[in-house]
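Here's a structure for you.
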Amino acid sequence: MFTGIITDVGEVRALERRGDLRARIGTRYKTASIDMGASIACNGVCLTVIGLGPDWFEVDISAETLSKTNIGGNDGWTEGSKINLERALKVGDELGGHIVSGHVDGVATVVGMQDEGDSTRVTFDAPEALARFIAPKGSVALNGTSLTVNEVDGTTFGINFIPHTKEVTTWGMTAVGDRINLEIDTLARYVARLRDFD
């Protein structure tokens, strides 16, 4: 379980195709405090630590995960890619964002960007099957970041990024056309499911 509050920007140092895709990710985390088998959200994808070094950790990424996220494909992760990182929530930690599972629902696309003062308004296009779960003033996790939706129009929705968020995450490097991991709010998912039985 995560909160969507990014605590490090990691760098993909190596990718190796095996039965799955193995990634070595550089981090500022104190890796001595990370247990083998721990969960770390990498651009919003909950991945299991299977190897540790002095300033890196390794994860295996299944074909299923590659098919549902922005990790794979022609524009996916490459060596040198910067990614948002968050360690799993501990009992007693501050819940600063919203409850995030790290189970990505699909991929949204950046379709517009506009500076508004020091902030940047970014417009995303969501897959049609997920758009109904996104509501104004609701929460979404995008590349692992807990964010508040400003407006919704069909399958598109807007998010405002303040300077702090752009500085401490990968959002300052975002461009139109980027594919973004999208996790809808868990509460929205359950509300929609309950309505199916009305």
Side-chain angles (χ1 to χ4, degrees), residues 2-31 34 36-88 97 100-113 120 122-127 130 140-147 159 161-184:
F2 306 92
T3 68
I5 303 300
I6 303 305
T7 52
D8 189 19
V9 174
E11 181 178 5
V12 177
R13 292 194 180 163
L15 294 167
E16 181 184 353
R17 277 278 181 196
R18 299 178 172 205
D20 293 322
L21 178 67
R22 178 161 295 180
R24 177 172 289 186
I25 298 168
T27 182
R28 291 178 297 150
Y29 293 147
K30 294 178 180 175
T31 56
I34 299 173
M36 293 292 287
S39 296
I40 298 179
C42 303
N43 258 8
V45 182
C46 178
L47 297 172
T48 301
V49 174
I50 53 92
L52 288 163
D55 61 352
W56 54 263
F57 62 92
E58 288 183 329
V59 293
D60 283 336
I61 306 162
S62 70
E64 171 71 10
T65 299
L66 292 174
S67 73
K68 295 279 192 273
T69 68
N70 65 6
I71 296 173
N74 294 334
D75 57 350
W77 288 4
T78 59
E79 289 184 18
S81 292
K82 304 289 188 192
I83 57 174
N84 293 322
L85 300 178
E86 181 188 358
R87 293 185 66 178
V100 176
S101 69
H103 303 154
V104 171
D105 294 294
V107 176
T109 304
V110 177
V111 294
M113 298 181 72
T120 303
V122 180
T123 305
F124 301 87
D125 188 43
L130 299 177
V140 291
L142 296 171
N143 277 355
T145 313
S146 174
L147 296 161
I159 303 281
F161 290 88
I162 63 172
H164 175 77
T165 302
K166 293 187 289 183
E167 289 167 12
V168 300
T169 68
T170 61
W171 287 106
M173 307 172 217
T174 303
V176 171
D178 285 355
R179 297 170 63 244
I180 306 296
N181 291 328
L182 167 64
E183 180 184 328
I184 58 173

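Since we're looking at a predicted model, the values are computed, not measured.
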If only atom types and distance count, is the side chain of Glu86 paired as donor or acceptor with the main-chain N or O of Gly4 below 3.5 Å? yes

Name the one of Asp178, Thr109, Asn143 that satisfies side chain to side chain donor-acceptor pair (under 3.5 Å) with Asn70?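 Single pass found, and it is Asn143.
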
Residues which pass salt bridge (charged side-chain N to carboxylate O under 4.0 Å, His left out) with Lys166, listed by chain and number, not counting sequence neighbours: none

Sort and list the pairs that fulfil salt bridge (charged side-chain N to carboxylate O under 4.0 Å, His left out) and have at least one residue in residues 69-79, not counting sequence neighbours.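 Sorted pair list: Asp75-Arg179.
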
Are any non-hydrogen side-chain atoms of Val59 and Ile40 less than 4.5 angstrom apart?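 Val59 vs Ile40: side chains apart.
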
Which heavy atom of Ala23 sits nearest to which heavy atom of Leu15, and what is that distance?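 Residues Ala23 and Leu15, closest heavy atoms: CB-CD2, 3.7 Å.
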
Rounded to the nearest 0.5 angstrom, the CG-NZ distance for Asn181 and Lys68 is 12.5 Å

Mind checking the CG-CD1 spacing from Asp60 to Ile50? Nearest 0.5 Å is all I need.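 Separation between the atoms: 4.5 Å.
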
Please report the shortest heavy-atom distance between Ser62 and Asp20, naming the atom on each side. CA-OD1, 3.5 Å

Can you confirm whether Thr69 sits close enough to Ile61 that some side-chain heavy atom of one is under 4.5 Å from a side-chain heavy atom of the other?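 Answer no - side chains too far apart.
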
Among Lys30, Arg28, Arg13, side chain to side chain donor-acceptor pair (under 3.5 Å) partner for Asp55: Arg13

Which atoms form the tightest heavy-atom contact between Ile25 and Gly10, and what is the distance? CG2-CA, 4.4 Å

Contact between Ser39 and Leu47 at the side-chain level, heavy atoms closer than 4.5 Å - yes or no? no

Check for a donor-acceptor pair, side chain of Glu58 on one end and backbone N or O of Arg22 on the other, with a separation under 3.5 Å. no

Looking at Phe57, is its backbone amide N or carbonyl O close enough to the side chain of Tyr29 to form a donor-acceptor pair, meaning the two atoms are under 3.5 Å apart? no

Distance check, rounded to the nearest 0.5 Å: Thr170 atom OG1 versus Lys82 atom NZ?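 Separation between the atoms: 11.0 Å.
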
Measure the spacing between CH2 of Trp77 and CG of Leu66 and express it to the nearest 0.5 Å.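 These two atoms lie 9.0 Å from each other.
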
Are Ile6 and Trp171 close enough that some pair of their side-chain heavy atoms sits under 4.5 Å apart? no

How many angstroms lie between atom OG1 of Thr120 and atom CZ of Phe161, to the nearest 0.5 angstrom?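 It comes to 8.5 Å.
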
Nearest heavy-atom neighbours spanning Pro54 and Thr31: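 In this case the closest contact between Pro54 and Thr31 is O-OG1, 3.2 Å.
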
From CD1 (Ile180) to CZ (Phe124), nearest 0.5 Å: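 Spacing of CD1 (Ile180) from CZ (Phe124) equals 6.0 Å.
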
Which heavy-atom pair separates Val104 from Gly44 by the least distance, and what is that distance? CG2-O, 3.6 Å

Where do Arg87 and Thr7 come nearest, in terms of heavy atoms and distance?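 Distance-wise, the nearest heavy atoms are N-OG1, 4.1 Å.
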
Would you find a donor on one side and an acceptor on the other, under 3.5 Å apart, between the side chain of Asn43 and the backbone of Asn84? yes

With Val110, the side chain to side chain contact (heavy atoms under 4.5 Å, CB included) member among Val122, Asp125, Ile159, Thr123: Val122

